[in-house]
There are 2 protein chains.
Amino acid sequence: MAIDPSYKTRKVITIGIVSELTGLSERQIRYYEERKLIFPERTEGGNRKYSFADVEQLIEIANKREEGIQTYEIRQEMLKAKEKRKEEDRKVRNQMLRGQINARFGIQKE
Amino acid sequence: MAIDPSYKTRKVITIGIVSELTGLSERQIRYYEERKLIFPERTEGGNRKYSFADVEQLIEIANKREEGIQTYEIRQEMLKAKEKRKEEDRKVRNQMLRGQINARFGIQKE
DNA sequence: CGTGTAAGGAATTCTGACACG
DNA sequence: CGTGTAAGGAATTCTGACACG
């Protein structure tokens, strides 16, 4: 969740390729960045770099746009989903912590 | 083995990024292609596109070059390894075929 | 053999703006 | 709001060649 240089999340694809992969115009892709729906990295020279995860994200955005959903709403949904993931993460951490405690001090029934 | 548009094998990375990822110069990367050690695709405009698998391949090549192995030898090793994979594949297919036959006509012991 | 480099040109990408709506 | 486009410039990539070794 912090150090993940995997194939899916490494930002290595230039905008032209992303355009081909998604069917979106470069204009659209840049605009969705402006609306904070996507967050490419940059090369030294300033060119955008995307990951496969970004490509998938863009395809989802394209689908929602086709349904007439506005970028602002899409952003709200994304933020909501992010909160949800955080909540899930918190629960898992608690579970694990509980597990650690039980392992050390024995299992208290009830 | 034929239709695999996965993150690992999709050719989507330009040579500049590959250079950063591998630590090799663009000159070296192009030369290894000339020596048939790597096979990028091309954009419409003629620019090279590599996959993550290519990047890994290049790193292996770089390691072997550091050991002083010549590109010709590296190519020979690659071809040998490829033959080996084909052989393995052939065996697996035979196993599966045998399985099919047994499933239909019963298992002949000995 | 393997790699660096300068050369000239072409493909790619960038930003800010105008347009339409 | 979301997208197209022309504009000018900068970053990226391409090929073929010369150099060294």
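Just so it is clear, the values below take in all heavy atoms, side chains as well, and ignore hydrogens, waters and symmetry mates. Residue numbering restarts at 1 for every chain, and letters A, B, ... go by the order of the sequence lines. All of these numbers come straight from a predicted model, not from anything done at the bench.
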Quick one: which of [options] gets closest to the side chain of [X]?
{"X": "I15(A)", "options": "dG2(C), dT15(D), dT13(C)", "result": "dT13(C)"}
{"X": "R30(B)", "options": "dC14(C), dG2(C), dC14(D)", "result": "dC14(D)"}
{"X": "T71(A)", "options": "dG2(D), dT3(D), dT15(D)", "result": "dG2(D)"}

Under the criterion side chain to side chain contact (heavy atoms under 4.5 Å, CB included), which of T22(A), I29(A), L37(A) is the partner of I61(A)? L37(A)
Within the side chain of R65(A), is there an N or O that forms a donor-acceptor pair under 3.5 Å with the backbone of I69(A)? yes
Are the side chain of K80(B) and the backbone N or O of R75(B) linked by a donor-acceptor pair below 3.5 Å? no
On DNA chain C, does the nearest nucleotide to G45(B) precede the nearest nucleotide to R35(B) from the 5' side, or the other way round? Give the residue. R35(B)
Quickly work out the [X] [atom1] to [N] [atom2] distance and round it to whole Å.
{"X": "E44(B)", "N": "dC14(D)", "atom1": "CD", "atom2": "C1'", "result": "16 Å"}
{"X": "R48(B)", "N": "dT13(D)", "atom1": "CZ", "atom2": "P", "result": "11 Å"}
{"X": "Q28(B)", "N": "dT13(D)", "atom1": "CD", "atom2": "C1'", "result": "17 Å"}
{"X": "I29(A)", "N": "dG4(D)", "atom1": "CD1", "atom2": "P", "result": "10 Å"}
{"X": "L24(B)", "N": "dT3(C)", "atom1": "CG", "atom2": "C1'", "result": "11 Å"}
{"X": "E34(A)", "N": "dG16(C)", "atom1": "CD", "atom2": "P", "result": "10 Å"}
{"X": "I17(B)", "N": "dT12(C)", "atom1": "CD1", "atom2": "P", "result": "15 Å"}
{"X": "I69(A)", "N": "dG2(D)", "atom1": "CD1", "atom2": "C1'", "result": "15 Å"}

For Q70(A) and N47(A), find the nucleotide of DNA chain D closest to each by heavy atoms; which residue's nucleotide sits nearer the 5' end? Q70(A)
R42(B) or S25(A): which one's nearest nucleotide on DNA chain D is closer to the 5' end? S25(A)
Side-chain donor/acceptor contact of R27(A) with base of dT5(D) under 3.5 Å: yes
Mind checking if E26(B) touches a base, just sugar-phosphate, or nothing, with heavy atoms under 4.0 Å? sugar-phosphate
Taking NZ, NE, NH1 and NH2 as the nitrogens, is one of them in E88(B) or R85(B) under 4.0 Å from a carboxylate oxygen of the other? no
With a cut-off of less than 4.0 Å, is there a side-chain N or O of [X] near OP1 or OP2 of [N]?
{"X": "T14(A)", "N": "dT13(C)", "result": "yes"}
{"X": "Y31(A)", "N": "dG2(D)", "result": "yes"}
{"X": "Y32(B)", "N": "dT3(C)", "result": "yes"}

Contact between N47(A) and T14(A) at the side-chain level, heavy atoms closer than 4.5 Å - yes or no? no
Report the base-pairing partner of dG2(D) (Watson-Crick or G-U wobble, both distances below 3.5 angstrom), or none. dC20(C)
With a 3.5 angstrom cut-off on both distances, give the Watson-Crick or G-U wobble partner of dT15(C), or none if there isn't one. dA7(D)
Under a single-linkage definition using a 4.5 Å side-chain heavy-atom cutoff for Ile, Leu, Val, Met, Phe, Trp and Tyr, are I59(B) and V12(B) assigned to the same hydrophobic cluster? yes
